Amino acid sequence: MRIFKFGGASIKDAKAVKNVVSVLQQVGHKNTLVVVSAMGKTTNAMEVVVNSYFSDKNALQASIQEVYDYHTNILNELFPNDKHPIYEDVKTLFDEVQGFLAWNKSPKHGFVYDQVVGYGELISSTIISAYLNEIGITNNWLDVRNLIKTNDQYRDAVVNWDQTQENVTKIVNQGELNITQGFLGSDDNNFTTTLGREGSDYTAAILAYCLNATDVTIWKDVPGVLNADPRYFEDAQLLNSISYREAIELAFYGASVIHPKTLQPLQRKKIPLHVKSFINPLEKGTTVGKGVGIEPKVPCYIVKKNQVLMKLSSLDFSFIVEDSISELFKMLHDHKMKVDLIQSSAISFSVCIDNKFGQLESLLNHIQGRFKVTCHENVSLYTVRHFNGDVVDTLQNGREVLLEQRGKETIQLVTK
């Protein structure tokens with residue numbers, strides 16, 4: 001069985017849904033399990049619903065209506081007959097959202113988030129399944145919450161692999177076209193859980209592992225994995241193939257390739273992952289699989305903007321030893337700072353961090369009593385895998401380099 005995953009951008013409107021049909025017609029759809037995300041920016045819109053529920057009840061109904069109207073507009077284009085049963089099916093799903101918010105007694109944001117936001121995928125998959133059936137492509141709609149079982153760590157649930165394997169084996173009809181949702185699972189009490197960052201890609205990998213799939217294809221609006229983000233670098237090149245290890249390395253440094261948690265179950269069973277264009281589905285794209293390095297072997301560029309570089313030194317010129325470093329990392333953890341680079345010497349310690357949650361000022365207040373601190377905000381962290389001298393010269397040209405760190409395969413520069 002093959003696993004296909006279509007993200008929000010690939011099903012953002014009626015035209016995009018019809019394009020998914022075109023992709024399936026061109027590449028075939030028998031013995032295929034299709035995993036879909038929520039349509040367009042629906043997840044963001046459902047997050048507004050959750051925030052309204054907790055902080056602005058007066059805005060709650062309007063926030064739900066906005067999501068409903070968005071999907072109704074798509075239905076109007078796909079199903080001109082407004083008496084089609086899909087209209088009632090979608091309305092029922094929205095009624096379930098409102099019903100949950102009416103009876104819910106839990107004050108836990110994570111729990112409410114998962115019960116509400118997960119409807120984005122349930123709605124999109126219901127619409128796509130109905131449209132495929134309408135045009136003669138018979139398929140089975142599956143509720144992924146009956147397949148993937150997890151613990152109750154809401155918003156970042158951990159998969160129960162044994163139970164999931166048993167469910168998938170029993171429920172999925174191999175040899176046919178199946179449609180299901182990404183991002184979701186359920187706990188022992190059958191409450192919806194979500195799988196965290198890149199949850200839909202991870203769903204595809206989980207199902208592939210359990211089904212011993214031949215391969216997984218993630219359909220994107222780019223020709224495959226590029227060696228650089230074309231927004232920041234000219235002449236970005238398509239990578240024809242990448243090893244699992246290389247892809248994990250690139251993801252670790254911040255490349256928007258594939259999240260390591262998606263790759264890990266595929267690597268265990270050596271299931272290849274394809275990243276292909278839903279605009280040109282017959283092009284080869286990029287294959288991630290067993291092998292060595294990348295092809296072609298070219299430098300791979302990753303840039304993270306709006307970072308913070310902190311340079312710390314001891315107040316009395318004493319050594320920065322394990323106790324000091326442990327204390328520093330605890331403070332970074334407590335303030336939800338993602339550490340992207342560290343460099344240390346006997347009496348100094350530099351760290352490049354992502355101030356994603358806006359807690360830099362509080363962190364500095366805690367640190368400055370213990371260390372001398374120099375802080376550079378709005379810096380850029382450049383990482384280059386498989387670098388050469390020309391690459392380094394180009395990156396350094398015209399930029400003030402605040403910190404440089406080199407390894408055998410990788411160079412990192414923090415610049416103003």
Side-chain angles (χ1 to χ4, degrees), residues 197-198 225-236 247-257 259-260 298-315 317 320 324-416:
R197 181 185 169 193
E198 305 296 336
V225 177
L226 305 177
N227 74 322
D229 188 330
R231 294 175 298 175
Y232 304 121
F233 299 94
E234 295 180 358
D235 303 320
I248 290 172
E249 289 274 9
L250 291 170
F252 172 80
Y253 289 113
S256 56
V257 277
H259 195 280
V298 293
C300 295
Y301 301 83
I302 303 150
V303 61
K304 290 186 174 183
K305 302 281 189 179
N306 302 315
Q307 304 290 292
V308 177
L309 177 65
M310 292 196 307
K311 296 187 175 183
L312 300 90
S313 56
S314 53
L315 296 172
F317 295 101
I320 293 185
S324 304
I325 294 173
S326 175
E327 182 182 1
L328 283 169
F329 271 95
K330 184 178 186 309
M331 285 189 277
L332 291 168
H333 172 76
D334 290 344
H335 289 84
K336 297 183 179 179
M337 297 291 180
K338 184 181 184 302
V339 176
D340 291 318
L341 181 150
I342 60 173
Q343 193 174 90
S344 63
S345 69
I347 60 172
S348 68
F349 184 89
S350 297
V351 58
C352 187
I353 55 177
D354 187 348
N355 183 31
K356 181 178 179 180
F357 295 96
Q359 298 199 48
L360 179 62
E361 184 177 351
S362 175
L363 174 64
L364 291 174
N365 288 336
H366 281 80
I367 287 179
Q368 284 168 339
R370 289 276 288 107
F371 302 94
K372 179 183 177 181
V373 183
T374 302
C375 185
H376 301 273
E377 297 185 54
N378 299 316
V379 300
S380 296
L381 171 62
Y382 289 89
T383 303
V384 186
R385 291 275 294 165
H386 315 297
F387 68 94
N388 55 43
D390 292 341
V391 166
V392 177
D393 292 341
T394 301
L395 284 180
Q396 291 178 334
N397 185 31
R399 296 182 176 93
E400 180 184 353
V401 178
L402 301 174
L403 186 148
E404 177 182 319
Q405 189 159 274
R406 297 189 186 213
K408 182 180 178 181
E409 293 276 358
T410 305
I411 186 170
Q412 292 186 281
L413 302 173
V414 179
T415 70
K416 293 206 64 152

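As the structure is a prediction and not an experimental result, all values here were calculated from the model. The chain is numbered in sequence order, starting from 1.
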Taking side chain to side chain donor-acceptor pair (under 3.5 Å) as the definition, give me every residue that meets it alongside [X], ordered by chain and number, with sequence neighbours left out.
X      : value
Asn388 : none
Glu249 : none
Lys330 : Asp334
Thr410 : Arg385

Are side-chain heavy atoms of [X] and [Y] found at a separation under 4.5 Å?
X      : Y      : answer
Val298 : His386 : no
Leu341 : Leu309 : no
Lys336 : Lys356 : no

Going by the rule ring pair (Phe, Tyr, Trp, His ring centres under 6.0 Å), which residues pair with Tyr301 if we only count those two or more places apart in sequence or in a different chain?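 Scan of Tyr301 (ring pair (Phe, Tyr, Trp, His ring centres under 6.0 Å), adjacent residues dropped) gives Phe233.
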Identify, with sequence neighbours excluded, every residue that meets side-chain contact (heavy atoms from CB on, under 4.5 Å) alongside [X].
X      : value
Asp229 : Arg231, Tyr232
Phe329 : Ile325, Leu332, Val339, Ile342, Phe349
Thr394 : none
Gln307 : Lys304, Asp340, Cys352, Asp354, Val379, Leu381

Non-hydrogen atoms of [X] and [Y] that approach each other most closely:
X      : Y      : answer
Ala236 : Ala228 : CB-O, 3.5 Å
Val384 : Pro299 : CG1-CB, 4.0 Å
Cys375 : Leu360 : SG-CD2, 4.2 Å
Met310 : Leu363 : CE-CD2, 3.8 Å
Arg406 : Phe387 : NH1-CE1, 4.0 Å
Arg399 : Thr415 : CD-OG1, 3.8 Å

Listed by chain and number, what are the salt bridge (Lys or Arg N to Asp or Glu O under 4.0 Å) partners of Glu377, not counting sequence neighbours?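 By the salt bridge (Lys or Arg N to Asp or Glu O under 4.0 Å) rule, Glu377 matches no residue at all.
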Pairwise distance [atom1]([X]) to [atom2]([Y]) - rounded to 0.5 angstrom:
X      : Y      : atom1 : atom2 : value
Asn365 : Met331 : CG    : CE    : 11.5 Å
Lys305 : Ser380 : NZ    : OG    : 4.0 Å
Asn355 : Lys338 : CG    : NZ    : 13.5 Å
Gln412 : Leu395 : CD    : CG    : 12.0 Å

Donor-acceptor contact present, side-chain Lys416 to main-chain His376, <3.5 Å: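 Looks like no, no N/O pair under 3.5 Å.
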Would you find a donor on one side and an acceptor on the other, under 3.5 Å apart, between the side chain of Gln343 and the backbone of Glu404?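 Side chain of Gln343 to backbone of Glu404: a pair is present.
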Could you give the side-chain donor-acceptor pairs of residues 366-373 under 3.5 Å, partners two or more places apart or in another chain?
residue : atom : partner : partner atom : Å
His366  : ND1  : Ser362  : O            : 2.9
Arg370  : NE   : Glu327  : OE1          : 3.1
Arg370  : NE   : Glu327  : OE2          : 3.1
Arg370  : NH2  : Glu327  : OE1          : 2.7

